[in-house]
Trainee: 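Please find one structure pasted underneath; my questions will follow.
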Amino acid sequence: EGPTGRSMPSQELSVKTEPQRPNAPPMNLSARPLSSSEIIVNWSPPPIEFRNGEIQGYNIGYRVASHQSISYNFTSVPGDGEDGSGEVILTGLLKYTRYAIVVQAFNQIGTGPLSEPVTTQTMEDGEHCA
């Protein structure tokens with residue numbers, strides 16, 4: 001011990017970063033028609049360094065592509081937080097119509113950015129993909 005005696009232990013400083021919403025959109029978004037009223041949408045989670053915690057789910061937005069003034073109609077699907085890709089089938093769509101589709105991830109804090117939209121067109125009546 002030095003001549004000044006023992007000093008009080010300094011207060012432990014714990015630095016905890018504020019939890020954040022995901023700061024990247026999901027990747028590899030693709031969409032293709034299944035029938036005249038259904039589109040299947042697939043994506044991969046955002047890169048792990050941009051998830052900011054566990055991804056709890058995804059919001060999938062769709063709208064008729066030609067109606068750019070109309071906001072997206074969103075549907076939510078749970079995410080498992082794993083690296084598995086997501087998939088959802090949009091139903092009740094208009095036949096032979098081009099749709100724009102976006103997806104965003106969310107965690108316990110909030111939603112991340114929207115992906116770039118992809119477009120695909122539903123089939124004509126009676127047409128089905130094998």
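If you're wondering where the values come from, they're calculated on a predicted model, not measured in any experiment.
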Trainee: In this structure, are over 12 heavy atoms from other groups packed under 6.0 Å from Glu49 atom CD?
Mentor: yes
Trainee: Should Lys95 and Glu124 count as side-chain neighbours, where that means a heavy-atom distance under 4.5 Å?
Mentor: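 No, their side chains stay 4.5 Å or more apart.
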Trainee: What do the steps show when you test Arg32 against Leu34 for side chain to side chain contact (heavy atoms under 4.5 Å, CB included), and what is the final call?
Mentor: CA-CA 7 Å; Arg32 62 185 171 82; Leu34 288 179; 3.8 Å; yes
Trainee: For Thr122, which of Ile39, Leu94, Leu90 qualifies under side-chain contact (heavy atoms from CB on, under 4.5 Å)?
Mentor: Ile39
Trainee: What is the minimum heavy-atom distance between Pro22 and Pro113, and which atoms define it?
Mentor: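 Of all heavy-atom pairs spanning Pro22 and Pro113, the closest is O-CD, 3.4 Å.
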Trainee: Give a yes or no on whether the backbone of His67 and the side-chain of Ser69 come within a donor-acceptor separation of less than 3.5 Å.
Mentor: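 No, the answer is negative, given that no donor and acceptor are paired below the 3.5 Å cut-off.
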Trainee: Are Val77 and Phe106 connected into the same hydrophobic cluster when the rule is that any two of I, L, V, M, F, W, Y join if their side-chain heavy atoms are below 4.5 Å apart?
Mentor: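 Phe106 does not cluster with Val77.
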Trainee: Search all heavy atoms of Gly61 against all heavy atoms of Tyr72 and return the closest pair with its distance.
Mentor: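 Heavy atoms of Gly61 and Tyr72 come nearest at C-CD2, 3.6 Å.
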Trainee: Could you tell me whether the side chain of Asn107 and the main chain of Asn52 form a donor-acceptor pair under 3.5 Å?
Mentor: yes
Trainee: OG/Ser37 to CE/Met123 distance, rounded to the nearest 0.5 angstrom?
Mentor: 10.5 Å
Trainee: Where is the tightest heavy-atom contact between Pro25 and Pro47, given as atom of each residue plus distance?
Mentor: O-CD, 4.4 Å
Trainee: Carefully, step by step, assess Asn42 and Ser85 under the rule side-chain hydrogen bond (donor to acceptor under 3.5 Å, both in side chains).
Mentor: CA-CA 7 Å; Asn42 296 92; Ser85 55; 5.5 Å; no
Trainee: Rounded to the nearest 0.5 Å, how far apart are OG1 of Thr75 and CG of Asn59?
Mentor: 8.5 Å
Trainee: Quick one: OG on Ser30 to CD on Glu87, what's the gap to the nearest 0.5 Å?
Mentor: 9.0 Å
Trainee: Considering all heavy atoms of both residues, which atom of Leu29 and which atom of Val41 are nearest to each other, and what is their separation?
Mentor: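 Heavy-atom minimum between the residues: CD1-CG1, 3.5 Å.
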Trainee: Are Phe74 and Ile60 packed together at the side-chain level, in the sense that at least one heavy-atom pair is separated by less than 4.5 angstrom?
Mentor: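 Sidechains of Ile60 and Phe74: no contact.
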Trainee: Which distance, rounded to the nearest 0.5 Å, do you find between the CH2 of Trp43 and the CG of Asn28?
Mentor: 12.5 Å
Trainee: Any idea which heavy atoms bring Ser115 and Pro26 closest together, and the distance?
Mentor: CB-O, 4.4 Å
Trainee: Given side chains that start at C-beta, do those of Gln121 and Tyr96 come closer than 4.5 Å, heavy atoms only?
Mentor: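 Touching, per the 4.5 Å side-chain cut-off.
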Trainee: For Arg98 and Thr119, run side-chain hydrogen bond (donor to acceptor under 3.5 Å, both in side chains): C-alpha distance rounded to whole Å, both residues' side-chain angles, the deciding distance at 0.1 Å, then the answer.
Mentor: CA-CA 7 Å; Arg98 183 162 285 282; Thr119 60; 3.1 Å; yes
Trainee: Hey, is the main chain of Gly112 close enough, under 3.5 Å, to the side chain of Gln104 for a donor-acceptor pair?
Mentor: yes
Trainee: Cluster question for you: counting only ILVMFWY and a side-chain heavy-atom cut-off of under 4.5 Å, with indirect links fine, are Val64 and Val88 together?
Mentor: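 Same cluster: Val64 reaches Val88 through Ile, Leu, Val, Met, Phe, Trp or Tyr contacts under 4.5 Å.
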Trainee: Counting C-beta onward and ignoring hydrogens, is there a side-chain heavy-atom pair between Pro78 and Tyr58 closer than 4.5 Å?
Mentor: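 Answer no - side chains too far apart.
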Trainee: To the nearest 0.5 Å, how far apart are CZ in Phe50 and CE in Met27?
Mentor: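 If I round to the nearest 0.5 Å, the distance is 10.0 Å.
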Trainee: Indicate the atoms forming the closest heavy-atom contact of Arg63 with Gln68, along with that distance.
Mentor: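 Result for this residue pair: NH1-O, 3.6 Å.
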Trainee: How long is the straight-line distance from CD of Gln56 back to CD1 of Ile109, given to the nearest 0.5 Å?
Mentor: 9.0 Å
Trainee: Look at the side-chain heavy atoms of Ile, Leu, Val, Met, Phe, Trp and Tyr, link any pair under 4.5 Å apart, and say whether Leu93 and Val103 land in one connected group.
Mentor: yes
